[in-house]
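Have a look at the structure below, then the notes.
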Amino acid sequence: MQLIEKLTILADAAKYDASCASSGAPKRSSRGKDGIGSTNGMGICHSYTPDGRCVALLKVLLTNFCLYDCQYCINRRSSDVPRARFTPEEVVTLTLDFYKRNCISGLFLSSGIIRSADYTMEQLIRVARLLREQHQFRGYIHLKTIPDAAPELIAEAGLYADRLSVNIELPTETSLVRLAPEKNVGSIHQAMHNIHQGEREAREERRAPRFAPAGQSTQMIVGADATDDSTILHNAQSLYHDYRLRRVYYSAFSPIPQSPGSVPFEAPPLLREHRLYQADFLMRGYGFSATELLDGPGNLALDIDPKLAWALANREQFPVDLNRADETLIARVPGIGVLSARRLGALRRERRIRFEDLTRLRCVLEKAKPFIVTQDYRPPRGEHESVVLRQQLRDTPAQMALW
């Protein structure tokens, strides 16, 4: 099989993994060193979106052959998709060729399980080792970690990769047992623990080698089972707390040809995935807890964003006086972000905040008006009941598709 044919198959097979963002990657320099690939040397090597994600990674699988038969995966053992396999040397060649053409900023590499977890992990590490040591590649590398691989292999992977990730796959152990019986939630958590331990040792020991400096991430598939958003968010909250994950990614389940009857035949709304990302950001950046966002079983509202939903459910805390309230509470006002809250806090130390200041800060006034008080503005009493506000501020986007 020609290299381009392999690339076509294995790049397409990798599109279902959402956890390939490179936010948090360390700055590197090639100054005074031989090699290629630098984020802050001469030349344009990396491009980032405003939220820190890398926009150009070579994203491929080493192979889409797999010993496992996970029911939600297109590459499962029983699937009849075309199969291909790269050698480590072929992945290295592709990475360097694309990089030298300024097409990519780095590499995201995952794989189906071949022979064994240890053998597969060894092959992934070989790619990273060749890039780093033989070709002096200083670009970004993200390796997908095989949960059942030996701890020493995970430790070695962290020496070469900027980021490691272990997919939690499904939100509950019950669903994992039913849909991916060859996988074990205990081994997944143990792999996360091993990575977290390596990160901590690298921070605490002055002479310790760098270990996955961009941290670790994971991915949950949404909609492949009946798990609700409350369970998903509480699970994510625990992962952030226990293993200090940089990100939890959410991937809406996509029905695949000849899907088994154990998984749905219809995809969940992509808007549900979007709301989970919004809620996740509120937990990471605004100090919300999963219980605040969903105080019981159920899913996030699709017609309004989670921050507005929380504000409507907690009207007793509003309106917020922007000249007196704590900055953390101001940041919880719909339409006002963390940065704007900080700027308002700095501004009110000089003078009283007026409504026009929100315009200058580019706050979303339509959402903020019912929830704030300034020196020259107060929302009309009794005019904005929660039901009415929800109708006025609800989103009505069209359902998007992956293809």
Side-chain angles (χ1 to χ4, degrees), residues 1-26 28 30 35-39 41 43-49 52-66 74-75 81-112 114 120-146 157-165 167 212-217 219 246-247 249 251 402:
M1 184 180 290
Q2 296 295 317
L3 192 61
I4 189 64
E5 294 177 295
K6 293 182 181 181
L7 181 60
T8 300
I9 293 172
L10 295 174
D12 183 72
K15 69 185 178 184
Y16 296 96
D17 200 316
S19 60
C20 66
S22 62
S23 54
R28 297 177 179 273
S30 294
I36 60 174
S38 167
T39 59
I44 300 173
C45 298
H46 288 71
S47 298
Y48 293 90
T49 58
R53 292 179 297 110
C54 184
V55 296
L57 295 176
L58 175 59
K59 182 182 178 183
V60 294
L61 300 184
L62 187 66
T63 179
N64 63 343
F65 288 99
C66 193
I74 194 171
N75 301 313
V81 295
R83 306 286 182 170
R85 178 179 174 181
F86 284 129
T87 65
E89 289 74 17
E90 286 175 328
V91 177
V92 170
T93 298
L94 283 169
T95 303
L96 295 176
D97 285 350
F98 278 116
Y99 198 99
K100 290 173 181 177
R101 288 172 172 79
N102 203 29
C103 296
I104 62 169
S105 308
L107 171 68
F108 171 85
L109 184 61
S110 184
S111 181
I114 43 177
T120 306
M121 196 71 225
E122 288 169 356
Q123 296 295 294
L124 295 173
I125 292 171
R126 177 170 172 77
V127 173
R129 186 193 304 117
L130 288 172
L131 284 169
R132 294 292 194 218
E133 295 184 350
Q134 183 172 321
H135 298 280
Q136 299 297 300
F137 181 71
R138 303 190 190 283
Y140 179 84
I141 297 178
H142 181 157
L143 291 183
K144 184 68 67 175
T145 304
I146 309 302
L159 301 179
Y160 300 113
D162 293 282
R163 172 167 288 183
L164 298 175
S165 58
N167 281 357
Q216 66 169 313
S217 60
Q219 172 178 293
R246 294 294 181 91
R247 287 292 300 274
Y249 292 88
S251 178
L402 288 173

Spatial distance of atom NZ (K144) from atom CG (N167) [nearest 0.5 Å]: 3.5 Å

Measure the shortest side-chain to side-chain distance between Y99 and L131 over non-hydrogen atoms and say whether it is less than 4.5 angstrom. no

Any side-chain heavy-atom pair from M121 and T145 closer than 4.5 angstrom? yes

For R129, the side-chain hydrogen bond (donor to acceptor under 3.5 Å, both in side chains) test, sequence neighbours excluded, returns E156

For A212 versus L164, what's the shortest heavy-atom pair and its separation? CB-CG, 4.2 Å

Taking the side chain as every heavy atom from C-beta outward, state whether R85 and I114 have any pair of such atoms under 4.5 Å apart. yes

Go through the steps to decide whether F86 and L61 satisfy the test side chain to side chain contact (heavy atoms under 4.5 Å, CB included), and finish with yes or no. CA-CA 8 Å; F86 284 129; L61 300 184; over 6 Å; no

Quick one, V60 and L109 - any side-chain contact, counting heavy atoms below 4.5 Å? yes

Smallest separation among heavy atoms of S111 and L124, with atom names: CB-CD2, 4.0 Å

Residues that E5 engages under salt bridge (Lys or Arg N to Asp or Glu O under 4.0 Å), provided they are two or more places apart: none

Heavy-atom closest pair, residues T95 and L58: OG1-CD2, 3.7 Å

Any idea which heavy atoms bring D162 and Y140 closest together, and the distance? OD2-CA, 3.2 Å

Determine whether a donor-acceptor pair (N or O, by modelled atom type, separation under 3.5 Å) exists between the side chain of R132 and the backbone of F137. yes

For H142 against S165, the heavy-atom pair lying closest together: NE2-OG, 2.7 Å

Is the shortest side-chain heavy-atom distance between V81 and R83 below 4.5 Å? yes

